[in-house]
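Heavy atoms only: backbone and side chains are in, while hydrogens, waters and symmetry mates are out.
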Amino acid sequence: MTTQTKMDLYNDFESVNSIDSSYFTKYDVKRGLRNADGTGVVAGITKISNVHGYIVNEGDRQPIDGELTFRGYNIKDLVAHAAQENRFGFEEVAYLLFSGKLPTIEQLGKFRELIDLNRELPDGFTADMIMKRPSSNIMNKLARSVLVLYSYDSADDPDEISSEHEIDTAISLLSRLPRIMVLGYYAKRAHYFGDSMIMHRFIPGQSTAETILSMLRLDRQFKPEEAQMLDIMMMMHAEHGGGNNSTFTTRVLTSSGTDPYSTYAGAIGSLKGPRHGGANHKVRGMHQEMKENIANWSDDGEIADYLRKILSKEAYDRSGLIYGMGHAVYTLSDPRSVLCKQYARDLTAGTEYQEELEFIERIEALAPEVIAEYKGDGKQICANVDMYTGFVYHMLGIPDDLFTPLFACSRMAGWAAHRFEEIVSGKRIVRPAYKSITHRNKYIPIEQR
């Protein structure tokens with residue numbers, strides 16, 4: 001393609017693809033599958049989870065404290081019981097999402113054994129897929145790796161859609177994604193920055209959270225409370241309803257009848273986007289800038305003034321957005337944010353991180369007032385989970401490159417549950433309609449153009 005041809009295509013990109021927003025109102029098109037009030041268009045029915053953030057009373061939305069349930073069980077109860085009993089809960093949540101019921105001690109033990117048995121990667125996979133082809137973005141590495149694992153599938157037909165093949169594939173990916181994530185990260189560091197290539201073996205019997213910290217840290221050492229904090233983060237991220245972008249992607253791809261590897265790779269690609277799973281990077285960057293420019297982290301007035309600068313596009317990325325605030329469903333509170341903050345307080349108490357956590361809590365408390373003052377629309381707004389995730393991961397020594405991949409490793413449990421349900425109950429390809437506004441054109445012979 002010549003340079004001029006490419007320039008022509010570049011120059012036409014905006015004009016050819018631009019659609020006047022008035023058409024969406026004129027034809028009552030639900031842009032982004034959203035209703036006029038911002039709520040999602042109901043496109044399916046599920047028994048897997050529920051995201052509850054408001055009630056509708058005589059047509060009016062009334063804010064309430066947010067609730068998140070997995071198979072009817074409140075996430076707060078699932079997290080609290082695991083923490084109180086001093087055990088890891090992510091595998092229990094994955095089993096619950098897969099099977100629809102809480103496991104017995106014996107069932108959970110055997111499920112953990114299955115995860116252990118699947119951690120090993122195929123012969124040659126690490127050398128060929130990870131070390132020889134490092135990626136600058138670990139999410140892309142995860143997606144490509146999942147697609148390549150199709151070629152290593154032990155089934156006679158990797159495209160087979162059966163309960164046995166679907167569950168086996170889901171367990172194998174739930175087990176392997178954390179290893180691929182860490183190996184992919186160190187391959188990136190070695191290739192792009194000249195660091196040493198670290199390849200710790202996994203330790204059989206460790207939980208998923210312990211495995212990640214053990215493989216990631218050079219000395220393999222971590223405190224029990226650090227592993228429990230990461231486990232809680234993974235529990236909270238395991239599932240979040242059928243309407244979020246990556247889960248809807250899972251449903252759409254599954255409805256076409258494609259194989260599980262193609263489906264999960266597509267979901268990872270969706271989660272990578274900064275409007276979805278990649279949002280925690282934006283929050284972390286915003287916090288860093290505020291820390292550098294606010295002299296007194298305890299001064300509410302100074303914090304509020306800087307938030308006003310962000311809203312007026314004078315600070316951070318000039319987008320006018322206070323990242324970490326607002327959610328499509330939650331109004332008074334995001335239960336994941338509440339849990340994250342609660343357990344982070346325990347972990348940071350008396351440490352160098354306590355002051356930073358208190359600073360972020362001040363941002364959370366002040367932002368709704370500043371936003372209401374700026375917009376004047378009276379909309380109820382709360383902090384979402386991204387307000388705290390980046391901070392917690394940083395506190396655990398997890399590099400920024402792995403924030404969103406960790407999200408993917410956790411959400412694999414929810415994606416699989418929704419794929420199972422779509423296979424059994426969907427029975428119809430997802431195909432929404434688009435209104436065409438193109439005028440008919442008469443063909444012009446090529447020599448007359």
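Side-chain contact of Y343 with Q228: a donor-acceptor pair under 3.5 Å is absent, judged by distance alone. With hydrogens and angles left out, the side-chain atoms of S246 and N244 include a donor and acceptor closer than 3.5 Å. Side chains of T250 and R419: no donor on one and acceptor on the other come within 3.5 Å. The closest side-chain donor-acceptor pair between E210 and S207 falls under 3.5 angstrom. Under the 3.5 Å distance criterion, with hydrogens and angles disregarded, no donor-acceptor pair is assigned to the side chains of N74 and T69. Counted by atom type alone, E358 and Q354 present one or more donor-acceptor pairs between their side chains at under 3.5 Å. Side-chain N/O atoms of Y323 and D317 include a donor and acceptor closer than 3.5 Å. Using modelled atom types and a 3.5 Å distance limit, the side chains of H165 and D153 yield a donor-acceptor pair. Of the N and O atoms on the side chains of E106 and T104, not one donor lies less than 3.5 Å from an acceptor on the other residue. Counted by atom type alone, Y306 and E289 present one or more donor-acceptor pairs between their side chains at under 3.5 Å. For the residue pair K291 and Q288, a side-chain donor N or O sits within less than 3.5 Å of a side-chain acceptor on the partner.
Residue I212 holds its CD1 atom at 11.0 Å from CD of Q206, rounded to the nearest 0.5 Å. Separation of atoms OG (S333) and CG (D65) is listed at 3.5 Å; rounding is to 0.5 Å. Taking CZ of R179 as the reference point, atom OG of S145 lies at 12.0 Å (rounded to 0.5 Å). Within the model, atoms CD of E364 and CG of D334 stand 9.5 Å from one another, a figure rounded to the nearest 0.5 Å. L183 CG to T126 OG1: the interatomic distance, rounded to the nearest 0.5 Å, is 5.5 Å. Rounded to the nearest 0.5 Å, atoms OG1 (T348) and CG (L357) are 4.5 Å apart.
In terms of the side chain to side chain donor-acceptor pair (under 3.5 Å) criterion, D168 has no residue partners (sequence neighbours excluded). Qualifying salt bridge (charged side-chain N to carboxylate O under 4.0 Å, His left out) partners for D401, counting only residues two or more places apart in sequence or in other chains: K188. Residues satisfying the side-chain contact (heavy atoms from CB on, under 4.5 Å) criterion with R144, sequence neighbours excluded, are M129, R133, S135, K141. In this view, S255 satisfies the side chain to side chain donor-acceptor pair (under 3.5 Å) rule with no residue, not counting sequence neighbours.
Between A238 and R411 the shortest heavy-atom distance is O-CD, 3.4 Å. Among all heavy-atom pairs drawn from A408 and L142, the shortest one is CB-CD1, 4.2 Å. Contact record, F98 with R71: O-NH2, 4.2 Å, taken as the closest heavy-atom pair. Here the shortest heavy-atom pairing between L102 and E92 reads CD2-OE2, 4.1 Å. The two residues L174 and F90 make their nearest non-hydrogen contact at CD1-CZ, 3.9 Å. Taking both residues in full, the closest heavy atoms of G324 and V283 are given as N-CG2, 3.5 Å, listed atom of the first, atom of the second, then distance.
Salt bridge status for D300 with R362: present, with a side-chain N to carboxylate O gap under 4.0 Å. A salt bridge is absent between D219 and R217; no separation between the charged side-chain nitrogens and carboxylate oxygens falls under 4.0 Å. Electrostatic pairing of R345 and E361 counts as a salt bridge here, judged by a charged N lying under 4.0 Å from a carboxylate O.
Remark: the backbone N or O of E422 is not paired with any side-chain donor or acceptor of S425 at under 3.5 angstrom. Between the side chain of T169 and the main chain of E166, no donor-acceptor pair closer than 3.5 Å is present. The backbone N or O of I48 lies less than 3.5 Å from a partner atom in the side chain of T46, making a donor-acceptor pair. Under the 3.5 Å distance criterion, the side-chain polar atoms of R318 are matched with a main-chain donor or acceptor of Y316. A donor-acceptor pair under 3.5 Å links the side-chain atoms of S99 to the main chain of Y95, judged by distance alone. In this structure, the side chain of N296 engages the main chain of S298 through a donor-acceptor pair within 3.5 Å. Judged by distance alone, the side chain of E239 and the main-chain N or O of G241 form a donor-acceptor pair under 3.5 Å. With hydrogens and angles disregarded, no donor-acceptor distance shorter than 3.5 Å links the side chain of T258 to the backbone of T254. At least one donor-acceptor pair closer than 3.5 Å links the side chain of S410 to the backbone N or O of L406. Using modelled atom types, one side-chain atom of T263 and one backbone atom of D259 make a donor-acceptor pair closer than 3.5 Å.
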TODO: Please lay out, stage by stage, how L321 and I310 fare under the test side chain to side chain contact (heavy atoms under 4.5 Å, CB included).
DONE: CA-CA 7 Å; L321 298 174; I310 292 174; over 6 Å; no
- [ ] Assess whether side chain to side chain contact (heavy atoms under 4.5 Å, CB included) is satisfied between Y393 and M233, documenting all intermediate values.
- [x] CA-CA 9 Å; Y393 288 148; M233 299 293 286; 4.0 Å; yes
Open item on the list: Between F222 and S214, does the side chain to side chain contact (heavy atoms under 4.5 Å, CB included) criterion hold? Intermediate values first, please.
Closed with: CA-CA 7 Å; F222 55 86; S214 173; 4.0 Å; yes
Open item on the list: Quick one, R336 with I75, criterion side chain to side chain contact (heavy atoms under 4.5 Å, CB included). Give me CA distance, side-chain angles, the key distance, then yes/no.
Closed with: CA-CA 8 Å; R336 302 166 303 167; I75 184 61; 5.6 Å; no
Open item on the list: Walk me through whether Y264 and H418 qualify under ring-ring contact (aromatic ring centres under 6.0 Å, His included).
Closed with: CA-CA 11 Å; Y264 299 133; H418 281 276; over 10 Å; no
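Within the 4.5 Å cutoff, the side chain of L147 has heavy atoms near those of the S262 side chain. Inter-residue side-chain proximity for R31 and S21 is flagged as met; some heavy-atom pair is nearer than 4.5 Å. Using a 4.5 Å cut-off on side-chain heavy atoms (C-beta onward), M235 and F70 make no contact.
More than 12 heavy-atom neighbours from other residues, nucleotides or ligands sit within 6.0 angstrom of NZ on K30.
For H191 and Y185, the ring centers sit 6.0 Å or farther from each other.
Under the 6.0 Å distance and 45° angle rule, R189 counts as a cation-pi partner of F193.
Relative ring orientation between H240 and H327 is described as perpendicular, the plane-to-plane angle rising above 60° on a 0-90° scale split at 30° and 60°. Aromatic ring pairs are classed by plane angle as parallel below 30°, tilted from 30° to 60° and perpendicular above 60°; the pair F407 and H237 is tilted.
Residue pairs meeting the ring-ring contact (aromatic ring centres under 6.0 Å, His included) criterion with at least one member in residues 267-291, sequence neighbours excluded, are H281-F403.
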Side chains of residues 116-124: which donor-acceptor pairs under 3.5 Å do they make with residues two or more places apart or in other chains?
unit_1	atom_1	unit_2	atom_2	d
D116	OD2	G205	N	2.6
N118	ND2	L114	O	2.7
R119	NH1	S175	O	2.9
R119	NH2	T208	OG1	3.3
E120	OE1	R201	NH2	2.9
E120	OE2	R201	NH1	2.9

